[in-house]
*Asks:* 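Here it is: the structure, laid out below.
Ligands are counted one by one from 1 in listed order, and the atoms in each one are counted from 1 as well.
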Amino acid sequence: MVTTSESKAALNLPREAIRTPMYIDGKHYATAEHEFFTRRSPGHGVPVTATARGSRKDLDLAVSAARRAFDDGRWSRISGEERATVLLEAARLIRANCETLAWFETLESGKPIAQSRGEINAAAGIWEYAAGLARVVHGDTHDTLGPDVLGLVMRQPVGVVGIVTPWNFPFFILSERLPFALAAGCTVVVKPAELTSTTTLKLAALLTEAGLPDGVVNVVTGLGSVVGQALAEHMDVDMISFTGSTPVGRAVMTAAGANMKKVGLELGGKNPQIVFADADLDDAADAIAFGISFNAGQCCVSGSRLIVHRSVEGELVERVCALLEKVRVGEPLDASNHVGAIVEARQFEKIRGFIEAGKRDGVQLVRGGRASSEGERFFIEPTVFRGVDPRSTLAQEEIFGPVLAVSTFDSFDEAIALANGVPYGLAASIWTRDLQRAMKSMREVQAGRVWINCTITGGPELPIGGFKQSGIGRETGRHGVDEYTELKSAHVQLGNRTRWIG
Ligand code: NAD
């Protein structure tokens, strides 16, 4: 299964783990007490980076730096134009450093290098888009309240924001949140996933180079149960923006109750690909193969459920399986591979567990199923189960791996009921040539993002987020900057008040 060009790739591996200290108040920050934990590349099984294990004390330091930077107005009170200039320079530096950032991203996450390059460049585009929004943030006026009253609605930055990110798209997901928080005028403490912290730390240093004042962005690395939890609880943090699994999101919500901080949550998904009988089956098959293989299925919007009209199920599954035969899985530093490694042993075992349970339960495995973990390198080939009971674990739980569960429907209502019959509501793809059916499905499906005759695509202009247990709030788009603001209304008396007593 592994298609590798080992010798060529080995040249590009670091000789020893590269140490990455934390980043606080505009500087790299390390003390003699800091322990470092080693990250091994899941595609190569060798040590590549060493990340500091931050403590509550480190987090307090970072929050104080962010608090000072917010309260003295060095970022929160400057003009939108000045903020935009820094964000645009950041975008330029991201592009200029694309190769290094992509290399670290691939080594730590196991994703193919070509994909990493694409994600870094696309992230730069998000920074450019958010730079524009820094000059657009504005409130509202009400001049209809009578001759003596003017109403104002102001949008102000929410304050110090904690951002917690997952390991599947470390740089891209951060870029869907951080530049919007900065455009709004907030200051930030980021807690990246412990497996993939390096590109976040590199970005923090690039932001200083781009002219961001010290203390506006701080990065504390370490365990989620320590640093992430402390950030969510912190009394001096005004908002927590969390991206990760639904169970941890629930814990973050509870912790945020300590000071009733504002909460943004981007959580898991079990996203349907709904295929009607009149769909372009070739196009749908290609997108379904992509939707389940992309990032080895470790993608919140992965199209992990195929819900297809019974009359075309056999033909479609055959086409999907034929395409998956051409998918090259293996060496992440080989730019010709489509799918890289699974991020770590625990995730690998979790995915393998779902596959084995499916086989044990007698579900029809029509493609893939093989997993290899020699030498601490973890690969799983795209896998397709057919005839999946929509109430079963395979159809209900987020596997977060390249495993497709196929179920059939006979009527429109049944298709929608199946699509909506999970606790999640993150994304959905709809395949049909009938405009009315497409629009009706789009209206009925419970998902924050809908793709019609396409999948996993889009730019920063449209908002993203989840219905139901997939999250709270929206990122990107115009709403992405509003998310990091508070509304304040002002009633302004222009003439004499009507006296209470006289
Ligand atoms: P995770 O929930 O295990 O961890 C996410 C982050 O939370 C990490 O940085 C982790 O260190 C931190 N964390 C762990 N415990 C914490 C706690 N008690 N308090 C605060 N922070 C804590 O998720 P993961 O395994 O890194 O990522 C996979 C999950 O993320 C999947 O469920 C996926 O669907 C979801 N995800 C969602 C989106 C989205 O936009 N909706 C995007 C990417 C990933």
*Asks:* Should we say atom NZ of Lys262 is surrounded by more than 12 heavy atoms from elsewhere, each under 6.0 Å from it?
*Replies:*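 For Lys262, atom NZ is crowded (more than 12 foreign heavy atoms under 6.0 Å).
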
*Asks:* Using heavy atoms and a threshold below 4.0 Å, how should the contact between Glu344 and ligand 1 be classified: side chain, backbone, both, or neither?
*Replies:*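 It is neither; nothing of Glu344 touches ligand 1.
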
*Asks:* If you count the non-hydrogen atoms of other residues, nucleotides and ligands that lie under 6.0 Å from CD in Glu16, is the total more than 12?
*Replies:*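 No, the 6.0 Å shell around CD holds no more than 12 heavy atoms from other groups.
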
*Asks:* Is any NZ, NE, NH1 or NH2 atom of the basic residue among Arg67 and Asp238 found under 4.0 Å from an Asp or Glu carboxylate oxygen of the other?
*Replies:*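 Judged by the 4.0 Å cut-off on N to carboxylate O distance, Arg67 and Asp238 do form a salt bridge.
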
*Asks:* With a 4.0 Å heavy-atom cut-off (strictly under), which part of Ala232 contacts ligand 1: side chain, backbone, both or neither?
*Replies:*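 Neither part.
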
*Asks:* Checking contacts here: is it the side chain or the backbone of Thr165 that comes within 4.0 Å of ligand 1, counting heavy atoms only? Could be both or neither.
*Replies:*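 Under 4.0 Å from ligand 1, Thr165 contributes backbone atoms alone.
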
*Asks:* How far is atom 35 (C) of ligand 1 from its nearest protein heavy atom, and which residue and atom name does that atom have?
*Replies:*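 The closest one turns out to be Gly244 O, 3.1 Å.
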
*Asks:* Evaluating non-hydrogen atoms only, which member of Ser245, Gly268, Ser197 is closest to atom 29 (C) of ligand 1?
*Replies:*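 Comparing heavy atoms across Ser245, Gly268, Ser197, the nearest one to atom 29 (C) of ligand 1 lies in Ser245.
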
*Asks:* Nearest heavy atom to atom 37 (C) of ligand 1: which of Leu267, Thr254, Val343 does it belong to?
*Replies:*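 Checking each option, the heavy atom nearest atom 37 (C) of ligand 1 is found in Leu267.
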
*Asks:* For Cys300, which part has a heavy atom under 4.0 Å from ligand 1: side chain, backbone, both, or neither?
*Replies:*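 Answer for Cys300: both.
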
*Asks:* I'd like the name of whichever of Phe400, Phe169, Phe242, Phe172 reaches closest to atom 28 (C) of ligand 1 through any heavy atom.
*Replies:*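 Minimum heavy-atom distance to atom 28 (C) of ligand 1 goes to Phe400.
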
*Asks:* Test of understanding: given a 4.0 Å heavy-atom threshold, classify the contact between Glu475 and ligand 1 as side chain, backbone, both, or neither.
*Replies:*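 For Glu475, there is no contact with ligand 1 at all, from either part.
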
